[in-house]
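These notes concern the structure reproduced below.
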Amino acid sequence: MNCIFCSIAQKKSPTEIIYEDDQMIAFRDINPKAPVHILIIPKEHIASLNDLNESNSSLLGKLILQAKNLARQQGIAKSGYKLIFNCGKDAGQLVNHIHLHLLGGGPLGGII
Ligand code: 5GP
Ligand code: ZN
């Protein structure tokens, strides 16, 4: 399968890794939309939110908890941050491997 985020998770694409455990990996977005812009992804290939099921509930909780930990490590826990999953065309999902955006470090605009 030709998936850039699978390549990063499998260390086939050189990327500085901020956090890794057996289930997930975190790295900086190549085109940051905020001073801190980190992507947290499962190592397992899951294309989008639409492909999740009950068996993924623990993984999803861990992704969010790790985002919280990374926000603290990056010094943005108190100033604030957004966690975003884009799903599908209208949300602007470009990479079809589920990823949680952690955005912060300055005022964040957007529709929500
Ligand atoms: P989406 O729009 O799918 O929610 O977000 C995909 C994000 O992945 C974008 O913000 C984009 O800049 C980032 N991205 C795409 N390809 C790469 C890559 O090869 N390396 C890194 N670090 N980020 C990427
Ligand atoms: Zn993938």
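Residue numbers count from 1 along this sequence. Remember, it's 1-based here, ligands and their atoms both numbered in the order they're listed. Being a predicted model, the structure only gives us computed values, none of them experimental.
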Original post:
Evaluating non-hydrogen atoms only, which member of D29, N96, V95, L100 is closest to atom 15 (C) of ligand 1?
Top reply: V95

Subject >> Within the 6.0 Å centroid threshold, strictly below: H97 and H99 >> reply: no

Original post:
Given side chains that start at C-beta, do those of Q93 and F85 come closer than 4.5 Å, heavy atoms only?
Top reply: no

Using a strict cut-off of 4.0 Å, indicate which atoms of ligand 1 neighbour a heavy atom of [X].
X	result
G92	1 (P), 2 (O)
N86	1 (P), 2 (O), 4 (O)
I8	20 (N)
N31	12 (O)

Original post:
How does H99 reach ligand 1, by side chain, by backbone, by both or by neither, if only non-hydrogen atoms under 4.0 Å count?
Top reply: side chain

Original post:
Should I84 be listed as contacting ligand 1, given a heavy-atom distance under 4.0 Å as the test?
Top reply: no

Original post:
Heavy-atom contact under 4.0 Å between F85 and ligand 1?
Top reply: no

For the side chain of [X] and the backbone of [Y], is there at least one donor-acceptor N/O pair under 3.5 Å apart?
X	Y	value
T15	S13	yes
Q74	G105	no
K82	H101	no
K43	D21	yes

Backbone or side chain, does any N or O of [X] fall under 3.5 Å from an N or O of ligand 1?
X	result
H37	no
I30	yes
I4	no
L39	no
H101	yes

Subject >> Common cluster, V36/Y81, ILVMFWY with side-chain heavy-atom separation under 4.5 Å >> reply: yes

**OP:** May I ask you to identify the nearest protein heavy atom to atom 22 (N) of ligand 1, giving residue, atom name and distance to one decimal place in Å?
**Re:** R28 O, 2.8 Å

Original post:
Which of the N/O/S atoms in H97 sits closest to the Zn ion (ligand 2)?
Top reply: ND1

Original post:
Roughly how far apart are L65 CG and I40 CD1, rounded to 0.5 Å?
Top reply: 11.0 Å

**OP:** With the Zn ion (ligand 2) at the centre, find the angle made by ND1 from H45 and SG from C6, to 10°.
**Re:** 110°

Subject >> Name of the residue among Q66, K62, E44 meeting side chain to side chain contact (heavy atoms under 4.5 Å, CB included) with Q23 >> reply: K62

